[in-house]
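Taking it in order: structure first as structure tokens, then the write-up.
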Amino acid sequence: MSNPRLPDDAIRPTRVEVNLAQIARNYQSLAALAPGARVMAVVKANAYGHGMVATALELQRIGAHCLGVALLEEAEELRRAGVMLPILVFGGISEVQIPRFLQNDLTLTAPSIEKLDLIDRAAASLGVRARVHLKVDTGMERLGMHHDTAPRLLEASLKAMHVQIEGIYSHLACADEEDLSYTHLQLQRFAEVCAFYTRRGLPMPTRHIANSAALLRLPQSHLDMVRPGIALYGCEPGPACPLPAALRPALCWKSHVAYFKVVRANSPVSYGGTWSRGHDVRMVTVPVGYGDGYFRSLSNVGEVLIGGQRHGIAGRVCMDQVMINLERGSAYYRDEVVLLGSQGDQEIRAEEVASRAGSIAYEVLTNINSRVPRVHHHDGVPAQSV
Ligand SMILES: *Cc1c(COP(=O)(O)O)cnc(C)c1O
């Protein structure tokens with residue numbers, strides 16, 4: 001094929017193109033896989049690199065139930081951008097932040113009796129009712145009241161008059177592993193904690209524990225709500241969790257050819273001179289580097305697509321540039337270079353980049369930093385910029 005070219009527009013040639021329509025289709029597919037459950041779309045960490053505000057507005061537009069983020073600051077940014085959906089903040093909270101949650105009608109995570117009490121008092125003094133999800137630790141050892149002592153948190157929550165316990169949740173540590181026995185143990189512990197409500201004849205808050213891996217692999221984990229993150233963006237949680245065909249990546253990371261030259265035999269390329277060949281090769285320089293979040297560990301092992309073909313990274317990835325060996329191939333100034341995504345019939349997936357770099361798809365995506373502009377579209381039709 002002839003080499004595709006990037007449009008010569010005002011945006012930096014190194015860019016991330018995000019197909020919001022694909023995220024919407026992924027959301028619908030995931031919702032169909034968990035028919036009895038609501039879906040909390042996880043948009044933390046800039047929607048796994050896809051642009052948090054644009055992604056959240058798209059999810060709101062298609063009728064998503066609610067959103068999950070890690071930080072208060074992320075939730076506040078969504079509210080400022082006009083997102084009105086319920087937003088649960090997963091992370092720990094500090095006392096001084098509580099009024100900001102309440103002023104923005106955000107849903108708080110209560111991981112302890114002490115924090116629940118602080119939320120209750122802050123809500124009382126503001127004359128509002130706080131929306132709260134209780135957090136139970138069933139084996140992640142991260143955040144939440146241990147499952148064996150959790151009944152005390154549930155008990156305390158019955159007496160907190162200024163909080164509405166809308167949900168109760170836990171997080172799975174090993175749902176993407178081959179061996180699901182620890183996940184079954186966590187599910188069982190969570191069920192025992194939730195039985196508190198049934199035993200007392202109390203209404204059950206919304207129960208949720210399933211991340212993408214559990215959503216895909218364990219229908220019994222779906223409960224009342226599921227919390228997919230990585231699968232929403234069309235990536236596998238891990239090698240043991242293959243994706244249904246309908247879930248496709250929504251992100252393409254592109255750049256272009258900035259410079260072409262012939263590198264003479266035995267001339268070392270890039271810092272440290274770690275790459276050379278015993279014959280002349282054609283080589284291009286591409287304006288992307290670890291300063292954009294392109295892993296330096298891809299030095300000498302990563303591949304990109306140019307002209308619909310795979311070509312290897314030559315030498316070390318620099319902060320702002322990387323050299324690509326074309327061998328005898330050709331490319332011209334401004335030809336499109338795909339770092340992540342497809343070109344012609346070739347595709348480079350985040351999972352592949354992750355395995356070359358010794359990482360996971362989550363990190364490949366969230367590592368693409370703010371120096372890389374995001375361009376959003378719906379199946380090729382430009383989206384309103386946000
Ligand atoms: C990030 C996160 C998720 C989503 O996890 P995926 O593996 O990306 O699906 C769900 N729940 C919590 C609490 C999280 O922090």
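For this chain, numbers begin at 1 and follow the sequence in order. Atoms within each ligand, like the ligands themselves, are counted from 1 in listed order.
- By the 4.5 Å heavy-atom criterion applied to side chains, F101 and Q97 are counted as neighbours.
- On a distance-only criterion, G229 and ligand 1 share at least one N/O pair closer than 3.5 Å.
- Applying the 4.0 Å criterion to heavy atoms of Y48 picks out, from ligand 1, the atoms 1 (C), 4 (C), 5 (O), 6 (P), 8 (O).
- Distances from ligand 1 to the non-hydrogen atoms of R142 include at least one value under 4.0 Å.
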Step by step, work out the side chain to side chain donor-acceptor pair (under 3.5 Å) result for H65 and R38. CA-CA 6 Å; H65 300 126; R38 274 172 290 152; 5.9 Å; no

Show your working on side chain to side chain donor-acceptor pair (under 3.5 Å) between R129 and H162 and close with a plain yes or no. CA-CA 5 Å; R129 214 168 152 86; H162 306 277; over 6 Å; no

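- By the neighbour-count criterion of 12 heavy atoms within 6.0 Å, atom CD of Q164 is densely surrounded, having more than that number from other residues, nucleotides or ligands.
- Near I230, the atoms of ligand 1 lying under 4.0 angstrom from a non-hydrogen atom of the residue are 6 (P), 8 (O), 9 (O).
- Taking the centre of each ring, Y233 and H50 come in below the 6.0 Å mark.
- In terms of protein heavy-atom proximity, atom 9 (O) of ligand 1 is closest to S212 OG, 2.5 Å.
- Residue, atom and distance of the protein heavy atom nearest to atom 7 (O) of ligand 1 are Y362 OH, 2.6 Å.
- Of all protein heavy atoms, the one lying nearest to atom 1 (C) of ligand 1 is K44 NZ, 1.5 Å.
- The protein heavy-atom contact nearest to atom 11 (N) of ligand 1 is R227 NE, 2.8 Å.
- W253 and Y294 have perpendicular rings, their planes meeting at more than 60° on a 0 to 90° scale where under 30° would count as parallel.
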